[in-house]
**Student:** 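Take this structure, written in C-alpha cells, and hold onto it; I'll ask about it next.
Numbers here are sequence positions counted from 1.
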Amino acid sequence: MPYMLLIVEPVGQRAQRTPEEGREAYAQMLRYAEGLKARGLLTGAESLKSESEGVRLQIRDGERSLVDGPYAEAKEMIGGFFLLTCETREEALALAAECPAAQWATVEVRELGPCFM
C-alpha cells in the first residue's frame, strides 16, 4: 500500500537555523531517504522550498485567485514528503518514527487512495 509521509514544519523554523544547522538537517533527511531506498521502501522523496516561494491558487465561480506566500494565517508548512510502499499502516508509522524530522517537525502519515473515501 502506498503511504505518504508529509513533513509539517513550523513556519519560520528554517530561518532560525544557522546555515550549518540547515545543511546538517538536510543531510540527515538524505541519509534517511537513502536508507529507505536501500530497503526497497522508497518510491519518491523531495524537499520543498519555503512557503515564501509558494503561491496558492483557487477558482471560485469561474474566478481565479492567486495568493503569494508567505501566508499570514499559516502556522505550519509542508516542508517535504516521502512516498513509501508499506504493507501496513503500522509499518508506515514505524518508518515515520525513524524520520529525523520527527525531532523538529510533525510527520503526517497518509495512505494514498481516492478522495471520496
**Student:** Scan for side chain to side chain donor-acceptor pair (under 3.5 Å) pairs involving residues 105-117, sequence neighbours excluded, and state none if there are none.
**Tutor:** E108-R110
**Student:** For residues 24-35, which residue pairs pass the side chain to side chain donor-acceptor pair (under 3.5 Å) check, not counting sequence neighbours?
**Tutor:** E24-Q28, E24-R31
**Student:** Looking at A96 and V107, what are the two nearest heavy atoms and their distance?
**Tutor:** CB-CG1, 3.7 Å
**Student:** Can you check side chain to side chain contact (heavy atoms under 4.5 Å, CB included) on L95 and F82, steps first, answer last?
**Tutor:** CA-CA 10 Å; L95 295 170; F82 294 88; over 6 Å; no
**Student:** Which residue pairs satisfy the salt bridge (charged side-chain N to carboxylate O under 4.0 Å, His left out) criterion with at least one member in residues 80-89, sequence neighbours excluded?
**Tutor:** none
**Student:** Nearest 0.5 Å, what's the CD-CG distance between Q58 and L66?
**Tutor:** 10.0 Å
**Student:** So, do C86 and M1 sit near enough that their side-chain heavy atoms are less than 4.5 Å apart?
**Tutor:** no
**Student:** State yes or no: do L57 and V55 share one hydrophobic cluster built from I, L, V, M, F, W and Y residues joined by side-chain heavy-atom distances below 4.5 Å, directly or via other members?
**Tutor:** yes
**Student:** Working note: Y3 + V109, criterion side chain to side chain contact (heavy atoms under 4.5 Å, CB included); need CA distance, chi angles, decisive distance, verdict.
**Tutor:** CA-CA 7 Å; Y3 280 87; V109 178; 3.9 Å; yes
**Student:** I need the minimum non-hydrogen distance between A105 and V8, along with the two atoms involved.
**Tutor:** CB-O, 3.3 Å
**Student:** Between CD1 of I78 and CG of L6, what distance do you get to the nearest 0.5 Å?
**Tutor:** 5.0 Å
**Student:** Test side chain to side chain contact (heavy atoms under 4.5 Å, CB included) on M77 and R14; report intermediate values, then the result.
**Tutor:** CA-CA 11 Å; M77 68 169 210; R14 291 178 180 187; 3.4 Å; yes
**Student:** Look up atom CG in L83 and atom CZ in F81, then write down how far apart they are to the nearest 0.5 Å.
**Tutor:** 7.0 Å
**Student:** Mind jotting down which residue pairs meet the side chain to side chain donor-acceptor pair (under 3.5 Å) criterion with at least one end in residues 59-75? Sequence neighbours excluded, please.
**Tutor:** R56-E73
**Student:** Quick one: which residue pairs count as a ring-ring contact (aromatic ring centres under 6.0 Å, His included) with a foot in residues 92-111, not counting sequence neighbours?
**Tutor:** none
**Student:** Please tabulate, one pair per line, all N/O donor-acceptor pairs under 3.5 Å involving side-chain atoms of residues 36-51, not counting sequence neighbours.
**Tutor:**
from, atom 1, to, atom 2, distance (Å)
R39, NH1, E98, OE1, 2.9
T43, OG1, T85, OG1, 3.2
S50, OG, S52, N, 3.3
S50, OG, S52, OG, 3.3

